[in-house]
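Heads up, the thing below is written out as structure tokens.
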Amino acid sequence: KCRRWRLAVGLSVLMLVIGRTPPADPARIEVILSQESSVYRALYTALQDRLRAAMGDKVQLEARGLPVEASSATLLVSAGIPASEEILKRYPTIPAVAVLLPHHAVADLVRRDRQRRAPATALYLDQPPDRYFGLIRATLPEATRVGIIYGSISRADRADFAAAAKRAGLALQEAQFAKDDNIVQVLEPLLSKTDVLLVPPDPEVSSEQNVYPLLLSTYRRGIPVVGFSAAYVRAGALAAVYSDSEQLGQQVADVITRFLQPGQGRLPPPQYPADFRVSVNRQVARSLGLTVPDDAVLYRQLRAREARP
């Protein structure tokens, strides 16, 4: 009887050992940074914290710079245009997520990426056009005419901005800026028929030599400017909507977490930032005689607007 009992226990232990699944190796996530700066490090830290909170020891993260000579990663995250260009070209068989690059750069990379065999996606740096017009509605409810100035890059988005302005019930007045143009001369006829100027991301329009003449010209005419970054607000724009590195890093982590779930292995299409911040230059608002709600109130208004069907 005792022997049978020991045999039964032994068989039970043996079945447990045989049936036990060995732990899977952690997924290797390599984050390739285009440069070593606070912006890129903040993104990596946010991504790391969010991913470890969701996946624990099922993931192993590593931050790397350029060039990337070799990689055995489960998935690559490329931060910035230089890193994205290298990763998408050199590692077409490794799934990839690109971040910290404007969507026009994503479109250009997709056109050139003919050899990719693994899934890839991107998180745009810029905001969806509807969000800009939502901010204009929230900060300047009396405004009906929105001026917008396009450069050679942002010109490709004209149709998207026109459609978004129409959805917001706003009349869009457009101006075209070429690299060698005088920004003030391009602005003058536009400002005479607008209540607010929207400046979308474009490296030519918002170059170092153009930002301050643009802001000074609009200020003298009493025309508020809505921009795309906190730096634009500090320089003299009335308001801006943008996403910071922490928010973008968290969203990338969420994309990776879903990708690594059993039975998934798919990446979503390129997407705009899900979360954002609103910033207002209160001194500019006072100088223009404007009463603008608190940043937190504006944020909630934009969130509610986007939640509508």
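Only heavy atoms go into these numbers, but all of them, side chains included; no hydrogens, no water, no symmetry mates. For clarity, every value in this text was computed on a predicted model and none was experimentally measured.
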Pair Val292, Arg286 - check side chain to side chain contact (heavy atoms under 4.5 Å, CB included), show working. CA-CA 9 Å; Val292 179; Arg286 286 191 296 271; over 6 Å; no
For Asn210 and Ser207, what are the C-alpha separation, side-chain angles and deciding distance, and is it a side-chain hydrogen bond (donor to acceptor under 3.5 Å, both in side chains)? CA-CA 5 Å; Asn210 287 332; Ser207 68; 3.1 Å; yes
Worked verdict on Ser72 versus Arg28 for side chain to side chain contact (heavy atoms under 4.5 Å, CB included): CA-CA 8 Å; Ser72 58; Arg28 286 180 48 80; 3.7 Å; yes
Quick one, Leu47 with Arg50, criterion side chain to side chain contact (heavy atoms under 4.5 Å, CB included). Give me CA distance, side-chain angles, the key distance, then yes/no. CA-CA 5 Å; Leu47 192 164; Arg50 181 86 152 215; over 6 Å; no
Go through Leu100 and Leu43 one step at a time and tell me if the side chain to side chain contact (heavy atoms under 4.5 Å, CB included) criterion holds. CA-CA 9 Å; Leu100 283 182; Leu43 180 134; 3.8 Å; yes
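The OG1 atom of Thr74 sits 5.5 Å away from the CD1 atom of Ile29 when rounded to the nearest 0.5 Å. The CZ atom of Arg155 sits 10.5 Å away from atom CD of Glu174, with the distance rounded to the nearest 0.5 Å. Between Thr144 atom OG1 and Arg137 atom CZ the span is 8.0 Å, to the nearest 0.5 Å. The structure places CG of Leu75 at 6.0 Å from CG of Leu267, a figure rounded to the nearest 0.5 Å. In this structure, the separation between CG on Leu109 and OG on Ser84 is 6.0 Å, given to the nearest 0.5 Å. Distance check, rounded to the nearest 0.5 Å: CD1 of Ile183 to CG of Asp181 gives 8.0 Å.
Nearest approach of Gly65 to Ile32, heavy atoms of both residues: O-CG2, 4.2 Å. Here the closest heavy-atom approach between residue Arg116 and residue Ala118 is recorded as CG-O, 2.9 Å. Between Ala79 and Tyr40, the shortest heavy-atom contact is O-CE2, 3.1 Å. The two residues Ile149 and Ser154 come nearest to each other via the heavy atoms O-OG, 4.4 Å. Closest of all the heavy-atom pairs between Ala73 and Ile94 is O-CG2, 3.7 Å. Closest of all the heavy-atom pairs between Val284 and Gly236 is CG2-O, 3.6 Å.
Between Ser38 and Arg41, the closest side-chain pair of non-hydrogen atoms is not below 4.5 Å. Side-chain contact between Pro203 and Ile153 is present, with at least one heavy-atom pair separated by less than 4.5 Å. In this structure, Ile87 and Val77 have side chains that are not in contact, with every pair of non-hydrogen atoms separated by 4.5 Å or more. Under the 4.5 Å side-chain criterion, counting only non-hydrogen atoms from C-beta, Pro102 is in contact with Ile81. Between Phe259 and Pro268, every side-chain heavy-atom pair lies at or beyond the 4.5 Å cut-off. Side chains of Leu140 and Pro224 form a contact here, defined as non-hydrogen atoms less than 4.5 Å apart. Val146 is listed as a side-chain neighbour of Leu198, based on a closest heavy-atom distance under 4.5 Å. Contact annotation: the side chain of Pro26 never approaches that of Asp57 to less than 4.5 Å [non-hydrogen atoms, C-beta and beyond].
For Asp195, the salt bridge (charged side-chain N to carboxylate O under 4.0 Å, His left out) criterion is met by Arg145, not counting sequence neighbours. Residues forming a side-chain hydrogen bond (donor to acceptor under 3.5 Å, both in side chains) with Thr45 (at least two apart in sequence, or on another chain): none. Residues passing the salt bridge (charged side-chain N to carboxylate O under 4.0 Å, His left out) test with Arg221 are Glu188, sequence neighbours excluded. Scanning for salt bridge (charged side-chain N to carboxylate O under 4.0 Å, His left out) contacts around Arg167 gives Asp130, with sequence neighbours left out. Contacts of Glu86 classified as salt bridge (charged side-chain N to carboxylate O under 4.0 Å, His left out), with partners at least two apart in sequence or in another chain: Arg90.
No hydrogens or angles considered: nothing links the side chains of Asp157 and His104 as a donor-acceptor pair under 3.5 Å. Side-chain contact annotation: Thr121 with Gln271, donor-acceptor N/O pair under 3.5 Å absent. Checked by atom type, the side-chain pair Gln173/Thr194 shows no donor-acceptor distance below 3.5 Å.
For Phe228 and Tyr132, the distance between ring centers is not under 6.0 angstrom. Between Tyr272 and Tyr124, the gap from one ring centroid to the other is short of 6.0 Å.
Placement of Leu101 and Val252 in two distinct hydrophobic clusters is found when ILVMFWY residues are connected by side-chain heavy-atom separations under 4.5 Å, directly or transitively. Hydrophobic clustering keeps Leu197 apart from Val233 (ILVMFWY residues linked when any side-chain heavy atoms are closer than 4.5 Å, directly or through intermediates). Taking hydrophobic clusters as Ile, Leu, Val, Met, Phe, Trp and Tyr residues chained together by side-chain heavy-atom distances below 4.5 Å, Val106 does not share a cluster with Leu76. Following chains of ILVMFWY side-chain contacts shorter than 4.5 Å, one cannot reach Phe276 starting from Leu123, and the two form parts of different hydrophobic clusters.
A donor-acceptor pair under 3.5 Å is formed between the side chain of Ser192 and the backbone N or O of Pro189. Here the side chain of Asp126 pairs no donor or acceptor atom with the backbone of Pro201 at under 3.5 angstrom. Side-chain N or O atoms of Asp275 include none that pairs as donor or acceptor with a backbone N or O of Gln247 at under 3.5 Å. One N or O on the side chain of Tyr91 and one on the backbone of Ala70 form a donor-acceptor pair closer than 3.5 Å. Remark: the backbone N or O of Pro273 is not paired with any side-chain donor or acceptor of Ser243 at under 3.5 angstrom. Counting only distance, with no hydrogens or angles, the side chain of Arg220 and the backbone of Leu215 share no donor-acceptor pair below 3.5 Å. Without hydrogens or angle criteria, Asn281 side chain to Gln283 main chain gives a donor-acceptor distance under 3.5 Å. In this structure, the side chain of Asp202 does not engage the main chain of Tyr150 through any donor-acceptor pair within 3.5 Å.
Using cut-offs of 30° and 60° on the angle between ring planes, the pair Phe133 and Phe161 is perpendicular.
A salt bridge links Glu30 to Arg64: at least one charged side-chain nitrogen sits closer than 4.0 Å to a carboxylate oxygen.
Considering Leu191, Leu190, Val196 as possible partners of Thr218, the one that fulfils the side chain to side chain contact (heavy atoms under 4.5 Å, CB included) test is Leu191. Checking each of Arg277, Arg282, Arg300 against Asp295 for a side-chain hydrogen bond (donor to acceptor under 3.5 Å, both in side chains) leaves exactly one that passes, namely Arg282.
Residue-environment remark: CD (Glu142) stays at or below the threshold of 12 foreign heavy atoms within 6.0 Å.
The side chain to side chain donor-acceptor pair (under 3.5 Å) pairs that include a residue from residues 223-232 are Ser206-Tyr232, where partners are two or more places apart or lie in different chains.
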